Amino acid sequence: MEFPFDINHLFPERFSILDQTLVAGRKTAGMPHLQANIETVIDELGRASAKAQQLPASITSASKLQSQKHQLYLLKDGESNGGRGVVVGFLKVGYKKLFLLDRQGSHVEAEPLCILDFYIAENLQRYGYGRELFDFMLQHKKLEPVLMAYDRPSPKFLSFLAKHYCLTPSVPQANNFVVFEGFFVNIAASC
Ligand code: ACO
């Protein structure tokens, strides 16, 4: 995904982690254009992700990120676009208190890290970038994919999780979240 400004200037590293402050690990005080460009990138990514998932509205935007305690992992390719860089995609995570049904039909209360949004630019899908970004987040959070919950995963994402992490859906839930075989075993073990 190209932008009319230098992505390498905005995001010096291959991976950036954005939170409520949107600063990507640097001080943007006194540099309002940097902040504005970061907002443009997040808004564009959110729109593209919503379109790809056929959602009526974006679930990721700069203003939403500023008002929620979520983290957005961003992956760039710094060499493309004549050295100005392109944004490859993003992954948004956050903790949610969930009421889930286990195999016995009992309600289990948990607050797992949830995958809330995930998008790789259309022309870059199926080149391994999604895996690279997901693995970076796992390493950063020191977590296993089976310990997380997934908010309304798309068919492509379910296929991705089955292929790369051998995850198969667990008990159908009454909400939009999906957890996988092994989730409840691990939750019980950690209690
Ligand atoms: N059709 C079916 N499966 C796909 C597709 C596709 N068009 N694209 C990727 N996948 C799955 C497959 O398992 C594929 O393996 P295969 O090519 O051997 O079949 C695997 O992902 C490829 O892995 P990566 O290359 O690492 O994944 P990619 O870079 O394509 O990123 C992602 C995966 C993020 C799901 C990407 O396809 C995408 O952005 N899709 C559109 C948006 C979307 O559906 N996001 C998930 C929303 S749900 C949520 O966020 C909770």
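This structure is a prediction, so every number in the text was calculated from the model and none was measured. Read the numbers this way: they start at 1 and go in the same order the structure lists the ligands and their atoms.
Using cut-offs of 30° and 60° on the angle between ring planes, the pair F5 and F3 is parallel. Aromatic ring pairs are classed by plane angle as parallel below 30°, tilted from 30° to 60° and perpendicular above 60°; the pair F90 and Y119 is tilted.
Counting side-chain heavy-atom gaps under 4.5 Å among Ile, Leu, Val, Met, Phe, Trp and Tyr, the cluster of L55 also holds I59.
Among residue pairs with one or both ends in residues 119-133, those qualifying as salt bridge (charged side-chain N to carboxylate O under 4.0 Å, His left out) are R14-E132, R131-D135; sequence neighbours excluded. Listed by first then second residue, pairs satisfying salt bridge (charged side-chain N to carboxylate O under 4.0 Å, His left out) with a partner in residues 138-150 number zero, not counting sequence neighbours.
In the hydrophobic clustering of this structure, F134 groups with L143; members are Ile, Leu, Val, Met, Phe, Trp, Tyr whose side-chain heavy atoms approach within less than 4.5 Å, directly or through other members.
Under 4.0 Å from any atom of ligand 1, one finds heavy atoms of residues A52, Q53, I115, D117, F118, Y119, I120, Q125, R126, Y127, G128, Y129, G130, R131, D151, R152, P153, S154, K156, F157, S159, F160, K163, H164.
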